[in-house]
Amino acid sequence: MRFQELRDADGTMLVRGLHPAIAVVAANAVARAAAISSVLSTQGCKILHNTDVEDELHRAAVSVVDEHERALDERRTRVGDAERALTEAADVATNASRDTSVATADLSRFDELATRLAAAEEAYEAAVRADAETARSVAAALGELDRILSQRHSASTSLEQARKSRDNRGVPEAVIQQAMNLQAALAKAEADKRESVQQADEMSQAARMASRDALLGLEAAHTALRAGMALITSGAPNWGAGVPLPGLVASYRDKLAGEVSSAQAAESHAKGVEKAARSRLEQERRDLDALLAAGPPIVEPQTTLARWLGSEHFTRDDAVFADEAFARFGAEGAATLITTLAGRGCQVIYLTEDPALLSWAIGLPHEAGGASTISTTGRRKPALVGD
């Protein structure tokens, strides 16, 4: 709808030549009331009063406060979510740290038991080797003693044969002397070998006792290992009967070491998540504090009203009558708002007594807008003529 002129109810012309885009009309309070009353019931016509502007600004202020409260509620919700996330992350990190401690303790306990077992095995093997070596020494000494005794027996046999060959006439002195020399040598050799046999036997007995002690130590270490495995959370492997082979022990240690590495990686990840959750909570709290400190945004009246005038509330099919609606913003502010409203494509008919605003309208390009005047009369309520 576009208004070209306004007529009184009896057909008398009030104003003509209204610009189809911006028409700033000079009118006093009586004329403005007459003009507004003439279009109240006209479809497609919107009337703006000061109260409409104040109501919109009040609505915008309430909306800003409500929006601020919603933002605060959202921030508080985010803080609560961040607190719960931090609690969960801290619990996970605590459990992960506990798992790492358990896995590390398992590995340390197993290393201690395995080291003891390895040392006992080494000691037992060394004791067995020493026992065997001393046994061989005893055997060698006995062999030497047996050889000397055999030589003594042979010498005695030779002397007896020599005696018999002389037809009981006795053995020559030289042979007797030779036999005595041999006997003396064999006696000394026999005494030395008997001493060697005794020493070797004493060493063998000591080695055998050491071997038994080493075996007891090995059995104790094995028993301690089996008992200690019951305390390891991973459970004891099935190693079968007897002392486990070193390779099996090493393989199980690798398993425990792998569990320690996995637990440490999980703990590191959990602590990273906890750190991120703590950082997020701190940021959310800072954001909430900043929002609380800032308070609701200040509503700038002219900017707020310009946003409303440029909204879908006004369409190109509207004709908008404004009764000094923008007076609070001064001539320059009113001109800006009128231009904003006209930018929606509707016809803006602004009724005013402000000479500065009328001067602005007079100076508009012809295609943009113009100024008109309504005289104060005692006529009856004017009638609307539109196209």
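Everything numeric in this text was worked out from a predicted model, so none of it was measured. Nothing fancy with the numbering, it's 1 onward along the sequence. Just so it is clear, the values below take in all heavy atoms, side chains as well, and ignore hydrogens, waters and symmetry mates.
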Partner residues of A82 under the side chain to side chain contact (heavy atoms under 4.5 Å, CB included) criterion, sequence neighbours left out: R280, L281, E284

Do M209 and L215 land in one hydrophobic cluster if side-chain heavy atoms of ILVMFWY residues count as linked below 4.5 Å? no

Under 4.5 Å between side-chain heavy atoms, counting indirect links through other Ile/Leu/Val/Met/Phe/Trp/Tyr residues: same cluster for Y124 and L248 or not? yes

Side chain to side chain contact (heavy atoms under 4.5 Å, CB included) between R59 and S63: does it pass, once the steps are laid out? CA-CA 6 Å; R59 185 201 63 77; S63 176; 4.3 Å; yes

Is H313 atom NE2 crowded by more than 12 heavy atoms from other residues, nucleotides or ligands, each under 6.0 Å away? yes

Heavy-atom count around M203 CE within 6.0 Å, excluding the residue itself: above 12? no

In plain terms, say whether R76 and E83 are close enough for a salt bridge, that is, a side-chain N and a carboxylate O under 4.0 Å apart. no

Below 4.5 Å, heavy atoms only, C-beta onward: do I47 and V320 meet side chain to side chain? no

State which residues pass salt bridge (charged side-chain N to carboxylate O under 4.0 Å, His left out) with R226; sequence neighbours excluded, sorted by chain then number. none

Are F314 and V53 co-members of a hydrophobic cluster defined by side-chain heavy atoms under 4.5 Å apart? yes

Applied to residues 110-128, the salt bridge (charged side-chain N to carboxylate O under 4.0 Å, His left out) test, sequence neighbours excluded, yields D111-R253

Looking only at heavy atoms, which two atoms of A23 and L18 are closest? And how far apart? CB-CD2, 4.1 Å

Residues passing the salt bridge (charged side-chain N to carboxylate O under 4.0 Å, His left out) test with E133, sequence neighbours excluded, are R136

Within the 4.5 Å heavy-atom criterion, are I374 and R32 side-chain neighbours or not? no

Establish whether V24 and F3 are linked, either directly or via other cluster members, by ILVMFWY side-chain heavy-atom contacts under 4.5 Å. no

Tell me if a side-chain donor or acceptor on D318 pairs with a main-chain N or O of T315 at a distance below 3.5 Å. yes

Under the 3.5 angstrom rule, does the side chain of Y350 hit a backbone N or O of F326 as a donor-acceptor pair? yes

Closest non-hydrogen atoms of S37 and A34, given as atom of the first, atom of the second and distance, are OG-O, 2.8 Å

Residues at least two apart in sequence or cross-chain that pass side chain to side chain contact (heavy atoms under 4.5 Å, CB included) with R316, listed by chain then number, are none

Non-neighbouring partners of E267 that pass salt bridge (charged side-chain N to carboxylate O under 4.0 Å, His left out), sequence neighbours left out: K271

Keeping H68 on the side-chain end and G295 on the backbone end, is there a donor-acceptor pair under 3.5 Å? yes

Contact between D146 and L142 at the side-chain level, heavy atoms closer than 4.5 Å - yes or no? no

Report yes or no: does D201 contribute a side-chain atom to a donor-acceptor pair with the main-chain N or O of V197 at less than 3.5 Å? no

Using modelled atom types only, decide if a donor and an acceptor are shared between the side chain of S97 and the backbone of A93 within a distance under 3.5 Å. no

Side chain to side chain contact (heavy atoms under 4.5 Å, CB included) involving D131 - partner list, sequence neighbours excluded: T134, S204, A207, R208, S211

Main-chain N/O of T233 paired to D106 side chain as donor or acceptor, under 3.5 Å: yes

With side chains defined as the heavy atoms from C-beta onward, is the minimum distance between Q205 and E202 less than 4.5 Å? no

Look up atom CG in D354 and atom CG in L351, then write down how far apart they are to the nearest 0.5 Å. 13.0 Å

Salt bridge D192-K188, side-chain N to carboxylate O under 4.0 Å: yes

N/O donor-acceptor pairs under 3.5 Å from side chains in residues 255-263, not counting sequence neighbours:
from: K255; atom 1: NZ; to: E259; atom 2: OE2; distance (Å): 2.7
from: E259; atom 1: OE1; to: S234; atom 2: OG; distance (Å): 2.5
from: E259; atom 1: OE2; to: S234; atom 2: OG; distance (Å): 3.1
from: S261; atom 1: OG; to: A257; atom 2: O; distance (Å): 3.2
from: S262; atom 1: OG; to: G258; atom 2: O; distance (Å): 3.1

May I have all residue pairs that pass ring pair (Phe, Tyr, Trp, His ring centres under 6.0 Å) and include part of residues 206-247, sequence neighbours excluded? W239-Y252

Return the CG to CZ distance between D287 and R78, rounded to the nearest 0.5 Å. 7.5 Å

Run the side chain to side chain contact (heavy atoms under 4.5 Å, CB included) check on I36 and H49 step by step: do they pass? CA-CA 10 Å; I36 294 299; H49 297 285; 4.0 Å; yes

Would a distance-only check, ignoring hydrogens and angles, find a side-chain to backbone donor-acceptor pair under 3.5 Å from S359 to P355? no

Does E332, at its CD atom, have more than 12 non-hydrogen atoms belonging to other residues, nucleotides or ligands within less than 6.0 Å? no

Quick check: closest heavy atoms across A342 and V348, and the distance to 0.1 Å? N-CG2, 3.7 Å

Give the minimum heavy-atom separation between G17 and S372, together with the two atoms involved. O-OG, 3.9 Å

Gap between atom CG of L117 and atom CG of L218 - 0.5 Å precision: 6.0 Å

Least distance between heavy atoms, L113 atom then G228 atom: CD1-CA, 3.6 Å

Are any non-hydrogen side-chain atoms of L288 and L72 less than 4.5 angstrom apart? yes

Yes or no on side chain to side chain contact (heavy atoms under 4.5 Å, CB included) for L291 and E74, after CA distance, side-chain angles and deciding distance? CA-CA 11 Å; L291 196 59; E74 180 182 353; over 6 Å; no

Enumerate, atom names and distances included, each donor-acceptor pair closer than 3.5 Å involving a side-chain atom of residues 302-310, sequence neighbours excluded.
from: T303; atom 1: OG1; to: E300; atom 2: OE1; distance (Å): 2.7
from: T304; atom 1: OG1; to: E300; atom 2: O; distance (Å): 2.8

One should read off an interatomic distance between E324 CD and L357 CG, to the nearest 0.5 angstrom, of 7.5 Å

Could you tell me if the side chain of M229 sits less than 4.5 Å from the side chain of P237, heavy atoms only? yes

Is the shortest heavy-atom distance from the side chain of I338 to the side chain of W360 under 4.5 Å? yes

Salt bridge D73-R70, side-chain N to carboxylate O under 4.0 Å: no

Tell me every residue that passes salt bridge (charged side-chain N to carboxylate O under 4.0 Å, His left out) with D81, counting only those two or more places apart in sequence or in another chain. R84

Kindly give the heavy-atom pair with the smallest separation between A221 and A120, and that separation in Å. CB-CB, 3.8 Å

Any R194 side-chain heavy atom under 4.5 Å of Q198 side chain: no

Donor-acceptor pair, side chain of Q264 and main chain of T100, under 3.5 angstrom: no

If hydrophobic clusters are built from ILVMFWY residues whose side chains come within less than 4.5 Å, do L292 and V79 share one? yes

Set of side chain to side chain contact (heavy atoms under 4.5 Å, CB included) partners for E282, sequence neighbours left out: R278, R286

R344 and E312: side chain to side chain contact (heavy atoms under 4.5 Å, CB included), yes or no, with the steps? CA-CA 8 Å; R344 292 293 299 164; E312 296 294 331; 3.3 Å; yes

